[in-house]
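This report refers to the structure that appears directly beneath it.
Order of the sequence lines sets the chain letters (A, B, ...), proteins ahead of strands, with each chain counted from 1.
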Amino acid sequence: MADQKNMDAPLLKVEHLKMYFPVTKGFFGKKVGVVKAVDDVSFDIRRGETFGLVGESGCGKTTTGKCILRINDPTDGNVYFEGQEISRMTKHEFQPMRRKIQLIFQDPFSSLDPRSSVYSILSEAIMCDGKPRTKEEIRNKVNELLFTVELNPIMSYRFPHELSGGQRQRLGIARALACNPELIVCDEPVSALDVSIQAQIINLFRSIQKKLGITYLFIAHDLAVVRHISDRIGVMYLGHLVEVTKSTDLYHTPLHPYTQALLSAIPITDYYEEKKRKRIPLQGEVPSPMHMPPGCPFNPRCPYATERCRTEVPKLREVMPDHFVSCHKYEEEKK
Amino acid sequence: MAKHLLEVKDLRTSFFTPEGEVKSVDGVSYYVEEGEAIAIVGESGCGKSVTQMSVMQLVQCPPGKILSGEVLFDGQNLLEYKSDSKEMRSIRGSGISMIFQEPMTSLNPVLTVGAQLCDIIITHNPGMKKDEAWAKGVQALKDVGIPEAEARMKNYPFEMSGGMRQRVMIAAAIVCGSKLIIADEPTTALDVTTQAQVMDLLLELVEKHGKSLVIITHNLGLVTRYASRVYVMYAGRIVESGTTEQILTNPQHPYTKGLLNSVPKLESNKDEDLVPIQGMPPILSNLPKYCAFLPRCPYATDKCRESDKPMLKDTGNTHFSACYLTEGQNG
């Protein structure tokens with residue numbers, strides 16, 4: 001298995017990933033229920049591409065990212081990285097993989113040690129591979145990283161609190177790049193930033209990818225941002241992946257009723273286009289993941305729900321080239 | 001022409017900090033007509049929230065101080081009243097209501113929603129019976145689309161979802177019958193589908209009940225869909241104002257142009273790179289004498305560097321812009 005390493009094989013393959021959290025009550029921790037944060041999610045990420053994961057809060061997009069990083073150990077399912085199954089590895093076996101999969105957080109302030117200077121934050125990340133290095137080599141590498149993320153080398157003497165939000169996020173990116181990763185999981189990396197700074201960071205992500213060929217898993221709730229940066233997008237709802245498609249197709253041909261409603265809920269800045277758009281109002285709220293509706297998770301809010309949707313969970317299937325959707329509607333049409 | 005419900009003239013609010021005077025609101029003028037929804041757009045720290053806090057006289061003093069200006073609401077100048085005066089207290093709530101970004105911090109966590117609503121209703125209708133107030137509260141929750149309103153009245157805020165809490169805040173705003181609702185980033189903490197529901201509800205209040213709405217936001221998409229006029233703020237000043245159509249289809253000020261170019265667009269071709277505004281937002285305690293946007297402006301000329309801050313000038317059809325470059329066009 002591990003030997004088939006050609007360039008066409010996906011860098012990361014997630015198969016039937018499940019992450020259930022038990023809900024306990026009382027002093028003895030009696031199990032009273034289970035939260036299905038991620039339920040049977042499968043997708044793959046090709047080398048050098050950006051895969052976006054979108055959804056509303058509580059849909060399981062962050063948990064999916066955490067399972068890939070082994071911050072959470074998945075209940076069931078497999079994660080293959082470069083053909084190797086990583087979700088069942090021991091901590092010791094996983095150690096060398098951790099350098100290849102890095103993480104960028106939403107809040108750049110709480111993810112940086114307030115008592116370390118920029119230089120020590122970066123040098124610590126550089127040295128984590130345990131190779132002997134001279135002081136000068138480290139200094140050069142720090143400067144190189146700062147150059148990549150377009151920060152002035154003078155910044156290396158500063159502390160996180162002296163940096164602005166945008167600069168801190170650049171530092172977060174530099175730290176993730178320090179150990180030459182193959183895949184970076186970006187969890188809401190721009191949602192805490194102002195519009196004008198957000199654009200700078202998005203452009204930086206793209207230029208780094210062009211230069212270093214890094215693969216991103218980009219998790220965010222802002223569909224416009226995700227669509228801009230991603231090659232392919234997966235839409236999640238209540239722990240399920242409901243649609244996976246090329247980002248160019250997402251706006252014009254969304255297939256899943258939830259994706260259609262989600263897109264129509266987002267106002268766009270093109271004035272004349274916005275006035276022409278049709279709205280698909282969604283009734284009610286997202287159900288609690290503790291009390292999942294039977295059948296398709298979207299059926300209580302879906303305008304097209306039928307009897308079958310209320311009993312049978314639809315499977316993710318390819319309805320158009322490179323366009324996967326999990327909805328009974330498209331299955332029937334095909335027949 | 002409809003009546004101006006709120007008219008703010010040359011409002012100045014500063015904060016006196018150890019680093020010096022921070023001019024958060026530096027000569028802001030705007031108005032809201034009856035039954036109109038306007039938006040104030042800007043990035044964090046541009047003074048858009050402090051402007052509204054000054055209107056309500058909720059600026060903490062010290063360090064903040066409203067220095068000068070006029071706030072005309074329904075014919076009265078609110079700045080003539082003291083912040084803790086009886087007049088001001090009655091205007092807050094029955095005249096102007098405010099809805100904040102994070103509803104959890106505006107609701108009392110140890111009281112039920114019903115108790116809080118009744119409290120508001122009785123304060124604004126002295127002498128009303130408790131069960132009467134309760135019934136009014138239930139009706140208000142029904143009006144904002146909360147299912148099982150009677151049962152929900154007995155809930156504590158933490159038992160509700162974010163969208164539901166924001167609806168309770170809107171209910172609190174409508175029970176006192178206020179004419180103007182100021183919504184400060186009302187949907188930033190909410191998911192997109194919930195955001196659409198809450199905004200539709202606010203717009204319904206404007207369109208069906210003739211209330212006025214001020215939306216403070218950084219989200220240009222919300223502006224397109226929900227506001228009829230827009231004010232763009234930068235470094236404590238309004239740099240551009242006009243109808244939504246004018247601002248979004250024909251922006252004049254370089255900052256507005258930059259803002260529009262730096263937003264990723266859902267509908268456009270994704271291969272275009274974003275054009276971010278260079279540099280960083282200015283530090284308000286140390287503003288230059290010239291135009292505050294100059295260090296980031298790609299079109300800056302010598303005239304901009306040598307002159308004082310540009311004033312808002314009409315570029316035609318009540319589309320105002322505070323920039324020397326746009327001044328000459330209609331000259």
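For the atom pair CZ of B:Phe15 and OG of B:Ser24, the computed distance is 5.0 Å after rounding to the nearest 0.5 Å. Once rounded to the nearest 0.5 Å, the distance linking CD of A:Gln209 with OG1 of A:Thr215 reads 7.0 Å.
For B:Thr244, the parts lying under 4.5 angstrom from a heavy atom of chain A are both the backbone and the side chain. Only the side chain of A:Ile202 comes within contact range of chain B, with at least one heavy atom under 4.5 Å from a heavy atom of that chain. Residue A:Asp270 touches chain B through both its backbone and its side chain, counting heavy-atom pairs closer than 4.5 Å. Both the backbone and the side chain of A:Gln200 come within contact range of chain B, with heavy atoms under 4.5 Å apart. Heavy atoms closer than 4.5 Å to chain A are found in both the backbone and the side chain of B:Glu245. Contact of B:Asn219 with chain A is not made at all, since no heavy-atom distance falls under 4.5 Å. Using a 4.5 Å cut-off between heavy atoms, A:Ser57 touches chain B through backbone and side chain atoms alike. Heavy atoms closer than 4.5 Å to chain B are found in the side chain of A:Gln198, but not in its backbone. Heavy-atom distances place both the backbone and the side chain of B:Met164 under 4.5 Å from chain A.
Ring centroids of A:Tyr216 and A:Phe51 are separated by 6.0 Å or more, keeping the two rings apart.
A donor-acceptor pair is defined here as one N or O able to donate and one able to accept, closer than 3.5 Å; such a pair exists between the side chain of A:Asn152 and the backbone of A:Ile154.
The greatest number of non-hydrogen atom pairs below 4.5 Å with chain A, out of B:Ser161, B:Ser262, B:Gly258, B:Gly45, is found for B:Ser262. In terms of heavy-atom pairs under 4.5 angstrom with chain B, the leader among A:Val195, A:Leu282, A:Ile197 is A:Val195. No other option in B:Pro147, B:Gly279, B:Gly163, B:Pro281 has as many heavy-atom pairs under 4.5 Å with chain A as B:Gly279. In terms of non-hydrogen atom pairs under 4.5 Å with chain A, the most contact-rich of B:Leu220, B:Thr249, B:Val223 is B:Thr249. Chain A forms the most heavy-atom pairs under 4.5 Å with one residue out of B:Val275, B:Val263, B:Leu248, B:Asn261, and that residue is B:Leu248. Ranked by non-hydrogen atom pairs under 4.5 Å with chain B, the options A:Val225, A:Asp222, A:Leu250 are led by A:Val225.
With B:Tyr299 as the aromatic partner, B:Lys257 meets the cation-pi criteria of under 6.0 angstrom to the ring centre and within 45 degrees of the ring axis.
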Step by step, would you call B:Asp184 with B:Lys48 a salt bridge (charged side-chain N to carboxylate O under 4.0 Å, His left out)?
CA-CA 9 Å; B:Asp184 188 352; B:Lys48 55 191 193 302; over 6 Å; no
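Under the 4.5 Å side-chain criterion, counting only non-hydrogen atoms from C-beta, A:Leu255 is not in contact with A:Cys327.
The nearest pair of heavy atoms linking A:Thr148 to A:Leu204 is O-CD1, 3.6 Å.
Under a 4.0 Å N-O distance rule, the pair A:Arg46/A:Asp231 does not qualify as a salt bridge.
Side chains of B:Gln197 and B:Arg167: a donor on one and an acceptor on the other come within 3.5 Å.
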